[in-house]
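See structure below.
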Amino acid sequence: MKSDIRVCAAWREAHDRPVYALSDTCPVCGSETTNSAPAPFDPTDAYGEYRRRLKRRRRGDGEAPD
Ligand SMILES: [Zn+2]
C-alpha cells in the first residue's frame, strides 16, 4: 500500500521533531510538506541520525545515564 503521509519540509527549523500531515501544508506552521518516502535503512537517510538520537535518548530515559 502506498503511503500518502507527508512531512513538514521546514520541520528542522520550525519544530523539534518531524511534523507529519496528509495535506500539502503543515498544519502547525503552514510550510509546504514533502512526501515522506520510507527509507528503511539508508546511510544517507536524513532522518536516520534523528531516529538514532531519539532512540539513545529514550534508552537513557529511566536508566542510569552513561
Ligand atoms: Zn511545520
Side-chain angles (χ1 to χ4, degrees):
M1 194 162 73
K2 196 167 187 287
S3 171
D4 286 332
I5 296 179
R6 303 168 70 82
V7 63
C8 175
W11 73 263
R12 288 169 187 278
E13 291 81 29
H15 314 291
D16 290 333
R17 58 189 175 83
V19 172
Y20 297 97
L22 296 175
S23 60
D24 287 340
T25 54
C26 174
V28 180
C29 74
S31 294
E32 71 176 50
T33 55
T34 59
N35 204 332
S36 66
F41 201 82
D42 183 349
T44 65
D45 176 14
Y47 301 111
E49 188 178 350
Y50 170 81
R51 277 199 301 265
R52 284 190 292 272
R53 216 187 318 169
L54 189 71
K55 190 185 289 184
R56 235 177 280 140
R57 199 194 302 167
R58 274 204 192 130
R59 198 176 52 189
D61 214 27
E63 291 183 24
D66 290 333

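Ligands are counted one by one from 1 in listed order, and the atoms in each one are counted from 1 as well. In this text, all values refer to a predicted model and were calculated from it rather than measured experimentally.
- Between Tyr20 and Ile5 the shortest heavy-atom distance is CD2-CG2, 3.7 Å.
- Applying the side chain to side chain contact (heavy atoms under 4.5 Å, CB included) criterion to Ala14, with sequence neighbours excluded, gives Cys29.
- Going from atom CG of Asp4 over to atom CG of Asn35 covers 7.0 Å, rounded to the nearest 0.5 Å.
- Taking SG from Cys8 and CZ from Arg17, the interatomic distance works out to 11.5 Å, rounded to the nearest 0.5 Å.
- Shown here are the protein N/O/S atoms lying under 2.8 Å from the Zn ion (ligand 1), water excluded: Cys8 SG, His15 NE2, Cys26 SG, Cys29 SG.
- Residues Val28 and His15 are in side-chain contact: their nearest non-hydrogen atoms beyond the backbone lie under 4.5 Å apart.
- Residues passing the side chain to side chain donor-acceptor pair (under 3.5 Å) test with Thr33 are Arg6, sequence neighbours excluded.
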